[in-house]
Enquirer: 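This is the structure I want to talk about, given as C-alpha cells.
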Amino acid sequence: MTNLLLMTGVFLFSFVVGYFLISRIPTLLHTPLMSMTNAISAVTILGVLILFSVSSTRTEQIIGSVAFIMAAFNLVGGFVITDRMLKLFKKKGGCK
Amino acid sequence: MTETYSVMNLLLDFFFFFILILGIWLFRWPHRAKFGNLAAAFALACAAGMVLYRSGIMHPNIVLISLVIGSIAGFWVARRITMIQIPAMVAFQHGAGGVAAFFLSLAELMRGSHHLGMLNEISGLLGLAIGSLTFSGSMIAGGKLSNTLGQEQRILPRHTLLVLTNFISIIVLIITALVAPMESRIYFYILIIFMSVLFGILFSIRIGGADMPVLISFLNAAAGVAAAFCGMIIENKLLISCGAMVAASGSILTYVMCKAMNRSLYRVFVPVQDISSKNKNPKTDKTDIYTINPEASHPPIEKDNFQKALEYAQEAKKIIIVPGYGMAVAQAQFAVIDLSNLLIDMKKDVKFAIHPVAGRMPGHMNVLLAEAGIDYDLLKEMDEINPDFAKTDLSLIVGACDVVNPAAIEIDGSPISGMPILHTHESGHVVCCNLDDKPGYSGVENPLYKNDNTTLLLGNAKETIEYLVENLSKETPDIEASLNKKNQRTPFDVAVSVLLTAQKIIIIPGYGMALAQAQFKVVQLASMLESIGTEVKFAIHPVAGRMPGHMNVLLAEAEVDYDKLYEMDDINPEFSQTDAVLIFGACDVVNPAAMDTKGTPISGMPILNAHDAKRILICNFDENPGYSGVENTLYKDKKTIMLIGDAASTANELIEAFK
C-alpha cells in the first residue's frame with residue numbers, strides 16, 4: 001500500500017512539475033519540444049538494462065533485445081533530430 | 001550500510017530528475033533550448049551509466065549489439081530526414097517507444113509472475129496494452145503524415161461500437177490475466193497485445209489528415225504513460241517521473257491543438273459520420289494539394305491584380321505575412337523569406353503570424369521557417385499578433401485558408417464556427433497567394449476572398465512570391481515581361497515543376513538509356529527526388545535491355561537499391577495512382593498502340609501502362625518509332641511532355657535545375 005502511494009505520488013509530482021514547466025514553453029518551440037519529450041520517453045531503456053542485469057532465458061533475451069533496439073532508436077534519433085531542429089532557430093546579427 | 005545506499009540512490013535519481021527539469025526549463029528561450037536538449041540527453045546517459053554501475057550486466061554482447069543497431073539506425077534516420085517530414089518521423093519514433101514499452105512489460109511479466117506484487121502486475125498489463133496501442137496508432141499516424149496512407153478518415157460500419165467492444169475486451173482480458181493460473185497467462189498477454197494493436201489501428205484510421213496534430217500529441221502522451229507504467233513494474237522512480245513528464249507535455253500539446261481547432265477531443269476521436277460522407281469536396285481539395293497539376297495550377301495571374309499587389313506592398317509600412325501549410329507544400333518558404341528580407345530592407349515593419357495549427361504538428365510551421373533562415377523574433381503567436389491586424393496596411397497570406405476564414409467568427413453552425421482565427425480581414429489590404437480559391441480542409445467557403453480589399457494571386461505560391469520579389473526590387477517593375485515569362489514556360493520548365501510537385505514517380509528505363517550511358521545520371525536524379533520526399537520506383541519491362549534481366553544489372557551497376565526495381569506485372573496497377581512517369585530511352589514497351597490498335601507488329605504485346613499516369617515525361621533521343629516501326633501514340637498524348645535529346649544530358653539538365 002505504501003508502495004502504491006509512493007509511486008502514485010512520484011507520478012503526480014512529476015506530472016504537475018512537468019505541467020507547469022511545459023505550459024510556459026512558447027509555441028515557437030512546440031515541435032522540438034515534442035521531439036525531445038519523445039526521446040525522453042525512451043527512458044524505458046533503463047528498464048531494459050535492469051532486465052539484462054540478471055540471468056535470463058532465451059525468450060526474454062530476444063524480447064529484451066528488440067525492446068533495447070527500439071528504445072535506442074527512439075533515444076538517439078529523438079535527441080539528434082531535436083538538436084538539428086534547434087540549430088535552425090536563428091536570430092539576426094549574432095549566433096545567439 | 002543499505003540505508004545509506006538507498007538514500008544515495010534516491011539522491012542520484014533526484015539529481016538526474018533535476019537535470020532533466022533544467023533541460024525542459026531551458027526550452028523557454030529559443031537560443032537556450034539547444035542546451036536544454038543536450039542536458040536532457042546527458043541526464044539520461046548518466047542514468048543509464050548509473051544503472052550499469054549499480055546492477056552490472058549479464059549479457060553484455062546482446063546489450064552492446066542492440067545498442068549499436070538501434071543508435072546507428074536512429075542517428076542515420078535523424079540526419080537524413082527533411083524538416084517537412086518531421087511529423088512522420090516523430091510519429092514513427094512514438095511507435096518505437098511503444099514497442100520498447102510493451103516488450104519490456106512483456107519480458108518483466110513473463111519473468112516475474114511468481115514474485116511480482118498485484119500492483120506491479122496491473123502496471124505491467126497496462127504498460128502492455130498502452131504500449132501496443134501507441135505502437136499501432138503511431139504507425140497509422142506516421143503513414144498518414146508521410147502520405148503513404150490516404151489522408152481521409154476511414155470509417156467502418158459501426159465504428160464506435162467496434163472500438164468500444166475492443167476496449168472492453170482489453171479490460172476483460174487484463175482482469176482475467178490477473179486471476180488466471182500462471183502457466184496460461186502468457187496466452188492472455190499475447191491476446192492483450194493483439195487486441196491493443198487492433199485498438200490502436202481502429203482508433204487512428206478514422207482520424208482525418210487535418211486532425212493529425214491532435215493525434216500525434218495524444219500519442220506523445222500515451223508513450224509517456226506507457227513508460228511510466230513500465231517504471232511501476234520495476235519500481236524505478238526515474239522511469240515513472242520521466243514518463244509522467246512526457247505525459248504532461250503530450251497532454252498540454254493535445255489541449256492546445258484542440259483549442260486551436262475548436263474541436264473537442266471527443267469530436268476528433270469520434271468524428272461525426274455524416275460530415276465525412278457529405279463533404280466530399282474538402283477531401284478532393286486536399287488531394288488536389290498533394291497532386292498539383294502543373295498546368296491547372298498556373299492560371300495566368302491577372303495583370304491588374306499583380307499590379308495592385310505590388311503597389312500595396314510598396315506603399316505599406318506595416319506588413320504581416322500569414323504562412324499556411326500550402327506554403328510548405330509549394331516549398332515556398334525560401335521565397336517568402338527572400339520577400340520578407342527585401343521588405344525589411346525597404347524599411348518596412350514585417351512580422352509573421354503563426355496560427356497554432358499551421359502545419360502538421362504543434363509548432364511545425366516555426367521549424368519550417370527556421371529552416372529557411374528566418375529570425376525567430378519575427379514569428380508571432382496568434383494571441384500576440386491578432387490586435388495588430390487592425391493597424392496593419394497589408395496582410396500577405398501564403399497558402400492558408402481556414403485559419404484566416406472570417407466565417408469562423410461571423411457565421412454560426414459551420415464546422416469552423418468558434419475556431420480562433422488570425423484577423424487578417426481587419427487589415428487595410430489583403431493579398432492572398434493561394435493555389436486556388438476553393439475552401440480549405442473544413443469545406444467552408446472563405447468570404448475573405450470576396451472582400452473588396454482582398455487581392456487574389458492564385459497559382460503556385462513559390463512562383464507568385466518569386467515574381468513579387470523580382471519586381472519589388474526593380475526601380476520600374478516590368479510586369480509584362482515577367483508575366484510573359486511565366487506564361488511561356490518551356491516544356492523543360494513544366495517538366496521540372498511536375499517532378500518537384502509529384503509525390504509518386506515511376507521511372508521507365510529502356511535500352512536507349514543504356515546506349516546513352518545515362519543510367520548513372522538517372523539514378524542520381526532518382527535519389528535527388530527521393531531526398532525531397534518523393535516516392536520513386538523503377539518499372540522494368542521484361543525485354544528492356546538485351547537479355548533477360550539486363551536492365552536490372554545495368555541499374556545495379558549504377559547502385560540502385562534493387563527493392564526499387566519492379567517487374568511489369570507488379571507495377572502496372574500502380575500507374576493510375578502515379579503523378580509522373582519518367583521515360584528514358586524506351587519506346588515500344590510503353591506504346592499504347594499495342595493495346596489499342598489491331599494488326600500492328602506489336603499488337604498484343606504486354607506493355608507498361610505509362611499512359612495511365614497523370615503526367616508523362618519522355619526523355620528520348622527522337623520521336624521516331626522504336627524497333628517495331630509502329631508510331632508511338634503516347635508521344636501525342638495531352639499529358640505527355642517531350643524532352644528530346646541525348647538522355648544523359650537531359651537527365652543532367654534536370655539535376656542541375658533541381659540544384
Side-chain angles (χ1 to χ4, degrees), chain A residues 3-4 7 10-11 14-15 18-19 21-25 27-38 40-44 46-55 60-61 63-74 76-83 85-86 88-89 91-92 96, chain B residues 24-25 27-28 30-31 33-34 37 41 51 55-59 62-63 66-67 69-71 73-75 77-78 90 93 96-97 99-101 103-104 106-107 119 220 223-224 227-228 230 232 234 237 239-242 244-246 248-249 252 361-364 366-367 370-371 375-376 381:
Chain A
N3 236 343
L4 174 67
M7 290 202 281
V10 171
F11 184 88
S14 315
F15 192 92
Y19 184 86
L21 274 173
I22 288 155
S23 48
R24 296 280 184 82
I25 291 174
T27 54
L28 177 75
L29 293 180
H30 273 177
T31 292
L33 170 73
M34 189 192 283
S35 138
M36 185 188 72
T37 54
N38 176 33
I40 294 179
S41 73
V43 66
T44 41
L46 299 185
V48 190
L49 278 176
I50 294 171
L51 183 83
F52 275 116
S53 67
V54 290
S55 65
E60 283 167 14
Q61 285 172 16
I63 294 177
S65 57
V66 174
F68 202 101
I69 292 175
M70 286 300 175
F73 173 79
N74 195 355
V76 175
F79 283 122
V80 171
I81 193 80
T82 313
D83 188 56
M85 251 189 282
L86 289 171
L88 296 174
F89 283 90
K91 231 175 168 165
K92 274 258 160 60
K96 264 197 162 183
Chain B
I24 296 181
W25 183 67
F27 261 69
R28 277 190 209 183
H31 61 282
K34 208 164 49 188
N37 182 49
V51 169
S55 30
I57 207 110
M58 283 295 278
H59 306 279
I62 301 181
V63 170
S66 313
L67 179 70
I69 297 177
S71 314
F75 187 80
V77 174
V90 171
Q93 284 190 328
V99 173
F103 270 68
L104 174 61
L106 181 64
L119 177 64
N220 186 217
C230 286
M232 292 202 189
I234 51 174
K237 291 174 199 69
L239 239 79
I240 301 178
S241 43
C242 286
M245 204 108 82
V246 177
S249 163
I252 292 175
M361 67 183 282
H364 190 197
N366 297 304
V367 176
E371 187 193 17
D375 173 1
Y376 60 75
E381 292 177 22

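Keep in mind the model is a prediction, meaning the values are calculated, not measured. Every chain is numbered from 1 and lettered A, B, ... according to where its sequence line falls, protein lines coming before strand lines.
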Enquirer: Give me the atom names and distance for the closest heavy-atom approach of S41(A) to A227(B).
Expert: O-CB, 3.7 Å
Enquirer: Please evaluate residues T37(A) and M245(B) with respect to the criterion side chain to side chain contact (heavy atoms under 4.5 Å, CB included), reporting the C-alpha separation (whole Å), side-chain torsions for both, the decisive distance (0.1 Å), and the verdict.
Expert: CA-CA 8 Å; T37(A) 54; M245(B) 204 108 82; over 6 Å; no
Enquirer: If I compare all heavy atoms of S14(A) with all of A244(B), which pair ends up nearest, and what's the gap?
Expert: CB-CB, 3.7 Å
Enquirer: Flag the pair P32(A) / F27(B) as yes when at least one side-chain heavy-atom distance between them is below 4.5 Å, and no otherwise.
Expert: yes
Enquirer: Salt bridge (Lys or Arg N to Asp or Glu O under 4.0 Å) with E60(A): which residues, sequence neighbours excluded?
Expert: R111(B)
Enquirer: So, for L104(B) and T44(A), which heavy atoms are closest and what is the spacing to 0.1 Å?
Expert: CD2-O, 3.7 Å
Enquirer: Does any non-hydrogen side-chain atom of S249(B) lie less than 4.5 Å from one of L33(A)?
Expert: yes
Enquirer: What are the two closest heavy atoms between G47(A) and I234(B), and how far apart are they?
Expert: CA-CD1, 3.6 Å
Enquirer: Could you give me the CA-CA distance, side-chain angles and deciding distance for I25(A) and I252(B), then say whether side chain to side chain contact (heavy atoms under 4.5 Å, CB included) is met?
Expert: CA-CA 11 Å; I25(A) 291 174; I252(B) 292 175; over 6 Å; no
Enquirer: In terms of heavy-atom pairs under 4.5 Å with chain A, which of G56(B), A101(B), G97(B), S241(B) leads?
Expert: S241(B)
Enquirer: Could you check which of L21(A), T27(A), T82(A), N38(A) has the highest count of heavy-atom pairs closer than 4.5 Å to chain B?
Expert: N38(A)
Enquirer: Taking side chain as C-beta onward, heavy atoms only, is F103(B) less than 4.5 Å from V48(A)?
Expert: no
Enquirer: Go through the steps to decide whether V77(B) and F73(A) satisfy the test side chain to side chain contact (heavy atoms under 4.5 Å, CB included), and finish with yes or no.
Expert: CA-CA 9 Å; V77(B) 174; F73(A) 173 79; 4.0 Å; yes
Enquirer: Under 4.5 Å heavy-atom distance to chain A, tell me which part of V90(B) shows up: side chain, backbone, both or neither.
Expert: both
Enquirer: Run the side chain to side chain contact (heavy atoms under 4.5 Å, CB included) check on H30(A) and N366(B) step by step: do they pass?
Expert: CA-CA 9 Å; H30(A) 273 177; N366(B) 297 304; over 6 Å; no
Enquirer: Checking heavy atoms, do the side chain of N220(B), its backbone, both or neither come under 4.5 Å from chain A?
Expert: side chain
Enquirer: Taking the side chain as C-beta and beyond, is there a heavy-atom pair between E381(B) and L28(A) under 4.5 Å?
Expert: no
Enquirer: Looking at every non-hydrogen atom in both residues, tell me the closest pair between N37(B) and D83(A) and how far apart they are.
Expert: ND2-N, 3.4 Å
Enquirer: Can you name the side chain to side chain donor-acceptor pair (under 3.5 Å) partners of T31(A), sequence neighbours left out?
Expert: none
Enquirer: Using a 4.5 angstrom heavy-atom cutoff, name the option from A223(B), S71(B), A107(B) with the most pairs to chain A.
Expert: S71(B)
Enquirer: Considering non-hydrogen atoms only, spot the tightest contact between S65(A) and I62(B) and give its length.
Expert: CB-CG2, 3.6 Å
Enquirer: Is any side-chain heavy atom of S53(A) closer than 4.5 Å to a side-chain heavy atom of M58(B)?
Expert: no
